[in-house]
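Positions are given from 1, in the same order as the sequence printed here. Heavy atoms only: backbone and side chains are in, while hydrogens, waters and symmetry mates are out.
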Amino acid sequence: MSTMKRFATLVFAVAALSVQAQKVTSNNPVNSDPEAKKILDAVSTRFRSFSAPSASFTYKIENAQGKSLSAKKGTVVMKGQKYHVTIPGMELFSDGKLSWSYDRSANEVTVKDVETATGEITPQKLFTNFYDRDFLYKLNGEKKEAGKTLQEIELTPTNKTRPYHKVYLWIDKSAKTFYSARILNKDGNRYSYTINSMKPASGASDAEFVFNKAKFPGVEVVDLR
């Protein structure tokens with residue numbers, strides 16, 4: 001798998017983490033589970049009480065046979081529609097208007113307008129009723145893990161051209177917070193990540209979410225605006 005494909009999947013991971021930041025207000029999609037919607041709404045309400053939350057997570061890639069291909073630890077900071085994700089070798093920035101994708105090995109950053117970006121699931125799309133527009137969802141049940149009761153929500157994309165065919169979210173029932181996600185790609189690969197810790201207030205300034213070229217000497221800028 002190419003670096004850019006892994007990077008695009010990480011974008012999805014950030015978006016899934018941000019589910020708590022969007023209060024779903026539109027009508028429930030046909031065939032979606034109202035009980036799943038209640039859970040997502042409760043998680044959203046909980047997350048909206050946080051100020052510039054930050055989290056550490058573990059990101060894993062497996063093939064169709066369940067063999068681990070990669071495992072990395074990363075961090076994410078969010079503030080409104082802004083975010084900054086860091087994993088070994090890569091960083092994602094967005095100030096809500098522009099997004100920057102930095103590849104450390106190539107010392108290259110790609111710049112795009114958030115509004116014109118297509119094919120990527122970003123936190124911004126979650127802020128516009130992402131689940132109601134792009135997925136059918138249902139509650140599959142509960143399981144015990146790491147001393148927590150987790151509720152599993154299955155998501156099926158309504159757009160069949162997406163590279164993934166299923167997404168599974170696990171919600172901490174007691175805390176009403178996101179715990180982990182698993183993405184099943186059509187190519188057979190599986191992507192998952194688990195939240196290791198979360199802080200409701202990071203104190204991050206707006207500068208945290210903007211790519212500062214001066215901090216990356218010699219960086220090549222690919223401007224797709």
Side-chain angles (χ1 to χ4, degrees), residues 1-22 51-61 69-128 130 134 161-164 167 178 181 183 185 187 189 191-199 201-225:
M1 172 178 290
S2 71
T3 298
M4 289 309 296
K5 286 184 178 180
R6 291 177 182 175
F7 186 75
T9 303
L10 181 63
V11 174
F12 183 91
V14 179
L17 176 62
S18 302
V19 61
Q20 301 100 318
Q22 167 58 33
S51 173
S54 63
S56 63
F57 61 88
T58 299
Y59 173 64
K60 296 180 180 180
I61 304 174
L69 302 179
S70 175
K72 297 181 179 180
K73 292 185 181 296
T75 60
V76 58
V77 181
M78 291 172 284
K79 186 178 183 181
Q81 296 187 13
K82 306 176 180 68
Y83 61 86
H84 179 193
V85 180
T86 303
I87 61 169
M90 288 191 176
E91 290 188 66
L92 285 168
F93 300 81
S94 179
D95 63 359
K97 296 180 180 179
L98 295 177
S99 66
W100 295 265
S101 304
Y102 177 66
D103 184 334
R104 189 174 298 278
S105 63
N107 198 23
E108 178 182 281
V109 64
T110 301
V111 189
K112 290 187 289 186
D113 286 313
V114 169
E115 290 183 356
T116 59
T118 59
E120 292 180 356
I121 305 174
T122 67
Q124 282 68 27
K125 292 183 179 180
L126 285 172
F127 298 146
T128 54
F130 172 82
D134 292 347
T161 66
R162 297 304 186 203
Y164 46 86
V167 179
F178 174 82
I183 305 158
N185 256 30
D187 63 8
N189 287 327
Y191 306 87
S192 65
Y193 72 103
T194 301
I195 301 301
N196 299 319
S197 65
M198 177 175 284
K199 297 180 181 179
S202 65
S205 68
D206 288 343
E208 172 80 19
F209 310 102
V210 177
F211 181 83
N212 186 343
K213 186 178 178 180
K215 294 182 178 180
F216 302 87
V219 65
E220 180 182 352
V221 178
V222 179
D223 196 332
L224 301 182
R225 290 174 289 176

Have S197 and S56 got a donor and an acceptor in their side chains that come within less than 3.5 Å?
->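 S56 and S197 do have a side-chain donor-acceptor pair below 3.5 Å.
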Regarding K82 and S94, is there a side-chain donor-to-acceptor distance under 3.5 Å anywhere?
-> no
If I compare all heavy atoms of [X] with all of [Y], which pair ends up nearest, and what's the gap?
X: F216; Y: R104; result: CE2-NH2, 4.2 Å
X: P88; Y: K72; result: O-NZ, 3.8 Å
X: F209; Y: H84; result: CD2-N, 3.8 Å
X: P217; Y: N107; result: O-ND2, 3.1 Å
X: L92; Y: S101; result: CD2-OG, 3.9 Å
X: S202; Y: V77; result: OG-CG1, 3.5 Å

Below 4.0 angstrom, N of the basic side chain to O of the carboxylate: do D95 and K97 qualify?
-> no
Kindly determine whether D113 and L98 satisfy side-chain contact (heavy atoms from CB on, under 4.5 Å), including the steps that lead there.
-> CA-CA 5 Å; D113 286 313; L98 295 177; 3.1 Å; yes
Gap separating the [atom1] atom of [X] from the [atom2] atom of [Y], nearest 0.5 angstrom:
X: E220; Y: T110; atom1: CD; atom2: OG1; value: 9.0 Å
X: I183; Y: N189; atom1: CD1; atom2: CG; value: 11.5 Å
X: K60; Y: Y191; atom1: NZ; atom2: OH; value: 15.5 Å
X: M78; Y: S54; atom1: CE; atom2: OG; value: 8.5 Å
X: S70; Y: I87; atom1: OG; atom2: CD1; value: 8.0 Å
X: T86; Y: Y102; atom1: OG1; atom2: OH; value: 11.5 Å

Using the ring of each side chain (for Trp, its six-membered ring), is W100 parallel, tilted or perpendicular to F93, with breaks at 30° and 60°?
->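 Perpendicular: the ring planes of W100 and F93 meet at over 60°.
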